[in-house]
Chemist: 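Got a structure for you, questions after.
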Amino acid sequence: MCIGSPNVCAVQKVIGTNKKYFTNCKQWYQRKICGKSTVISYECCPGYEKVPGEKGCPAALPLSNLYETLGVVGSTTTQLYTDRTEKLRPEMEGPGSFTIFAPSNEAWASLPAEVLDSLVSNVNIELLNALRYHMVDRRVLTDELKHGMSLTSMYQNSNIQIHHYPNGIVTVNCARLLKADHHATNGVVHLIDKVISTITNNIQQIIEIEDTFETLRAAVAASGLNTVLEGDGQFTLLAPTNEAFEKIPAETLNRILGDPEALRDLLNNHILKSAMCAEAIVAGLSMETLEGTTLEVGCSGDMLTINGKAIISNKDILATNGVIHFIDELLIPDSAKTLFELASESDVSTAVDLLRQAGLSTHLSGNERLTLLAPLNSVFKDGTPRIDAQMKNLLMNHIVKDQLASKYLYHGQTLDTLGGKKLRVFVYRNSLCIENSCIAAHDKRGRYGTLFTIDRMLTPPMGTVMDVLKGDNRFSMLVAAIQSAGLTETLNREGVYTVFAPTNEAFQAMPPEELNKLLGNAKELASILKYHIGDEILVSGGIGALVRLKSLQGDKLEVSSKNNIVNVNKEPVAETDIMATNGVVYAITSILQPPANRPQERGDELADSALEIFKQASAFSRAAQKSVRLAPVYQRLLERMKH
């Protein structure tokens, strides 16, 4: 009931179909069902009718017996078939307490002709048994219909499966409950959208008798999962047909079928942890598999979708321990894939092609425990590098000799590569970096290897900070200054430094007198140079918006990054992330001045001093008026203020 008028219920109808959903206010499905628009209308709730001139549906209808109530709810075909049996109508009209899940007239009409013929040709056995299977010999209201429960039917005590989903939909053997809780004098009627039939086989037995599951049957037997599929529980099997297996390359299929662990992961990725009937899906939802992955189960019109693809060819095959949907495409989890397969499906295909050209692709498809650090395709937007011996070695340094998980990496950890290098791990507040490259996407963990997607090509360190500076002609004046200041040993030894290295251009931009004065004063020069050296390694991917980095001189450097441009103390950096074994170098085109040397800061200090002197003078002035002894001190303060 959704509006103020008494006993009025909402009906949500899918435009262009006969589908109706009798919903409450919380379950209007955002006015869309399986992507199709709906319209909302209103009608009297069960058991009530309108009165001319009155709002809503104020008049309660007198209760009738079950048989007559079938006509009230729109199941006249069920009434008709009840009449054809000799025994059932007297039961429905007589004393007792029953529940009937009554198929709608449309449900009967949609039965295949051969099924309907077999029922009506033997009314006192086949038809009677079919109708009794829709009945329970006690009154059961919807608030008693719990998810996963079974009800005992009046046909040979056969079970009826009930599922009550979080979105409010209730299914009975996967038939959707349309109108619920129509009370009768001797029970209750629930209208459902299908004619239901008995369930006799478990999931494993259905696999064994279906011709289209020949490959699946062999795979289940090889994996030992048959014990799960014939055991207790309520599962959904997304069952790949023979056609689904044929769609993948024979080499891939044979590899998985020959690897018990990969095969088990593959099959578990097709088993949902709970039974999901098609009629319960009105929008997309995430469901967990036995493999631990999540699949997006949704719908588009009348078609069910898995991860957005309409690959379900047959749905709602009921088993005693769940439901089966036939699918015509394999759902291979990452855990059953090679590194090559993982990378080929990701946004790193250019890196994979480079590895193939360098003759390294065997590492990606074998059973070595490895981690591939693969740059995004966008890294190569200006062109791909030529493969030579140096590039091959660099690519080998993108393959780490262990299968890693990024969540277990720690700051300062070193990783050994196939190229013989040791790569360092840097953990920052909002990023995780390996040398100059930072991880740009979630890990993809395969059968033997893991894929880390990174935001640039790695540049492993080639020497100490001092080696880097000496090897680059841009820094010749800086190297001389470092030697003059006695800092060579510092930048050659083990450590963790971030060096903002002024280029020759930066030194040459200084007035000659000022430059000569600086270079001639070793103590001041050392202080200035130490201000250019941070006391930890900060690569550009770890900066974020702003980082205040303590320098060896003691004052802090303000390092910021915006739109891929790095600034230090608001001065742009010319080149970032030149990696060294004991730090990282940034090339800058100006000399950074510590706060105490900057004109603004000096002016601020002078102003602060003057203010302090003024305060002291004011205090002494008041005291001097009272004491002759303080007068000389007052005079000295006035002299300081003049200067």
Chemist: Got Ser118 and Glu126 here, is their nearest side-chain heavy-atom distance under 4.5 Å?
Modeler: no

Chemist: Under 6.0 Å from the CG atom of Asn159, do we count more than 12 heavy atoms belonging to anything else shown?
Modeler: yes

Chemist: Can you tell me if Thr227 uses its side chain to pair, donor with acceptor, with the backbone of Gly224 under 3.5 Å?
Modeler: yes

Chemist: Hey, what do you get for CD (Glu114) to CG (Leu119), rounding to the nearest 0.5 Å?
Modeler: 11.0 Å

Chemist: Should Phe452 and Leu404 be marked as a side chain to side chain contact (heavy atoms under 4.5 Å, CB included) after you check the CA-CA gap, both sets of side-chain angles, and the distance that decides it?
Modeler: CA-CA 9 Å; Phe452 286 178; Leu404 304 172; 4.0 Å; yes

Chemist: Please assess Leu70 against Thr78 for the test side chain to side chain contact (heavy atoms under 4.5 Å, CB included), listing each intermediate value before the final yes or no.
Modeler: CA-CA 7 Å; Leu70 288 173; Thr78 307; 4.0 Å; yes

Chemist: Just by distance, no angles: are the side chains of Ser406 and Asp443 close enough, under 3.5 Å, to form a donor-acceptor pair?
Modeler: yes

Chemist: Under the ring-ring contact (aromatic ring centres under 6.0 Å, His included) test, which residues partner Tyr133, sequence neighbours left out?
Modeler: none

Chemist: Is there a disulfide between Cys45 and Cys57 in this structure (defined here as SG atoms under 2.5 Å apart)?
Modeler: no

Chemist: For Thr142, does its backbone N or O pair with a side-chain atom of Asp181 as donor and acceptor, under 3.5 Å?
Modeler: yes

Chemist: After noting the C-alpha distance and the side-chain angles of Glu345 and Lys337, does the key distance pass the salt bridge (Lys or Arg N to Asp or Glu O under 4.0 Å) rule?
Modeler: CA-CA 11 Å; Glu345 298 166 359; Lys337 294 175 182 175; 2.7 Å; yes

Chemist: Measure the spacing between CD of Gln79 and CD of Glu68 and express it to the nearest 0.5 Å.
Modeler: 8.0 Å

Chemist: Val73 and Leu191: which non-hydrogen atoms are nearest, and at how many Å?
Modeler: O-CD2, 3.5 Å

Chemist: Side-chain contact, heavy-atom cut-off 4.5 Å: Pro240 with His270?
Modeler: yes

Chemist: Who are the ring-ring contact (aromatic ring centres under 6.0 Å, His included) partners of His134, not counting sequence neighbours?
Modeler: none

Chemist: Going from CD on Glu341 to CG on Asp334, what distance comes out if it is rounded to the nearest 0.5 angstrom?
Modeler: 10.0 Å

Chemist: Is it the case that atom CZ in Phe340 sees more than 12 heavy atoms from other parts of the structure closer than 6.0 Å?
Modeler: no

Chemist: Do Thr152 and Asn157 meet the criterion of a side-chain donor-acceptor pair at a distance under 3.5 Å?
Modeler: no

Chemist: Taking all heavy atoms of Val123 and all of Leu127, pick out the closest pair and write down the distance.
Modeler: O-CB, 3.4 Å

Chemist: Distance alone, cut at 3.5 Å: any donor-acceptor contact between the side chains of Asn105 and Thr77?
Modeler: yes

Chemist: Evaluate the side-chain proximity of Ser346 to Leu451: yes if any heavy-atom separation is below 4.5 Å, no if none is.
Modeler: yes

Chemist: Within the distance-only criterion (no hydrogens, no angle test), does the side chain of Ser153 pair as donor or acceptor with the backbone N or O of Tyr155 below 3.5 angstrom?
Modeler: yes

Chemist: Measuring from Phe326:CZ to Leu237:CG, what's the distance to the nearest 0.5 Å?
Modeler: 9.5 Å

Chemist: Pair Arg369, Asp402 - check salt bridge (Lys or Arg N to Asp or Glu O under 4.0 Å), show working.
Modeler: CA-CA 5 Å; Arg369 295 285 180 184; Asp402 196 4; over 6 Å; no

Chemist: Verify side chain to side chain contact (heavy atoms under 4.5 Å, CB included) between Leu376 and Ile454, making sure each step is shown before the conclusion.
Modeler: CA-CA 6 Å; Leu376 287 161; Ile454 56 176; over 6 Å; no

Chemist: Taking Gln403 for the side chain and Gly446 for the main chain, is one N or O donor matched with an acceptor at less than 3.5 Å?
Modeler: yes

Chemist: Under a 3.5 Å cutoff, is there a donor and acceptor pairing between the side chains of Glu291 and Ser335?
Modeler: yes

Chemist: Answer yes or no: does atom CG of Asn430 have more than 12 heavy-atom neighbours from other residues, nucleotides or ligands under 6.0 Å?
Modeler: no

Chemist: Restricting to side-chain contact (heavy atoms from CB on, under 4.5 Å), what partner residues turn up for Asp193, sequence neighbours left out?
Modeler: Ala175, Arg176, Leu178, Glu279

Chemist: Can the ring centroids of His147 and His163 be said to lie less than 6.0 angstrom from one another?
Modeler: yes

Chemist: Answer yes or no: is there a donor N or O on one side and an acceptor on the other, between the side chain of Tyr165 and the main chain of Cys277, under 3.5 Å?
Modeler: yes

Chemist: Quick check: does any side chain N or O of His325 sit under 3.5 Å from a backbone N or O of Asp316, one acting as donor and the other as acceptor?
Modeler: yes

Chemist: Once rounded to the nearest 0.5 Å, what's the spacing between atom CE of Met149 and atom CD1 of Ile160?
Modeler: 10.0 Å

Chemist: Can you find a side-chain donor-acceptor pair between Asn377 and Ser349 that sits under 3.5 Å?
Modeler: yes

Chemist: Does Arg84 use its side chain to pair, donor to acceptor, with the backbone of Asn124 at less than 3.5 Å?
Modeler: no

Chemist: Considering only residues two or more places apart or on different chains, which pairs with a residue in residues 172-203 satisfy ring pair (Phe, Tyr, Trp, His ring centres under 6.0 Å)?
Modeler: Phe101-His190

Chemist: Taking Ser97 for the side chain and Arg139 for the main chain, is one N or O donor matched with an acceptor at less than 3.5 Å?
Modeler: yes

Chemist: Got more than 12 heavy atoms from elsewhere within 6.0 Å of NZ, Lys13?
Modeler: yes

Chemist: Side-chain contact, heavy-atom cut-off 4.5 Å: Leu141 with Val188?
Modeler: yes

Chemist: List the atom of Thr76, the atom of Gly71, and the distance in Å for their closest heavy-atom pair.
Modeler: CG2-CA, 4.1 Å

Chemist: Quick one: does Ile162's side chain get under 4.5 Å of Leu151's, heavy atoms only?
Modeler: yes

Chemist: More than 12 non-hydrogen atoms from neighbouring residues, nucleotides or ligands closer than 6.0 Å to CG on Leu80, yes or no?
Modeler: yes

Chemist: Specify the closest pair of heavy atoms between Leu131 and Leu88, including all atoms of both residues, with the distance to one decimal.
Modeler: CB-CD2, 3.5 Å

Chemist: Which atoms form the tightest heavy-atom contact between Gln161 and Thr320, and what is the distance?
Modeler: NE2-O, 3.2 Å

Chemist: Without placing hydrogens or testing angles, list every side-chain donor-acceptor pair under 3.5 Å for residues 211-219, not counting sequence neighbours.
Modeler:
from, atom 1, to, atom 2, distance (Å)
Thr215, OG1, Asn242, OD1, 3.4
Arg217, NH1, Ile207, O, 2.8
Arg217, NH1, Glu210, O, 3.0

Chemist: Can you confirm whether more than 12 heavy atoms, excluding those of Lys247, are under 6.0 Å from its NZ atom?
Modeler: yes

Chemist: Determine whether a donor-acceptor pair (N or O, by modelled atom type, separation under 3.5 Å) exists between the side chain of Thr69 and the backbone of Val72.
Modeler: no

Chemist: Can any side-chain N or O of Asn186 pair as donor or acceptor with the backbone N or O of Gly96 at less than 3.5 Å?
Modeler: no

Chemist: Does one side chain, of Gln234 or Ser274, offer a donor that lies under 3.5 Å from an acceptor on the other?
Modeler: no

Chemist: Just jot down the ring-ring contact (aromatic ring centres under 6.0 Å, His included) partners of Tyr67, sequence neighbours excluded, or say none.
Modeler: none

Chemist: Taking atom OG of Ser197 and atom CG of Leu318, what is their separation to the nearest 0.5 Å?
Modeler: 7.5 Å

Chemist: What is the minimum heavy-atom distance between Asn269 and Leu331, and which atoms define it?
Modeler: ND2-O, 2.9 Å

Chemist: Can you find a heavy atom in the side chain of Ile332 that is under 4.5 Å from one in the side chain of Leu266?
Modeler: yes

Chemist: Are Leu177 and Leu145 close enough that some pair of their side-chain heavy atoms sits under 4.5 Å apart?
Modeler: yes

Chemist: Is the shortest heavy-atom distance from the side chain of Ile100 to the side chain of Met92 under 4.5 Å?
Modeler: yes

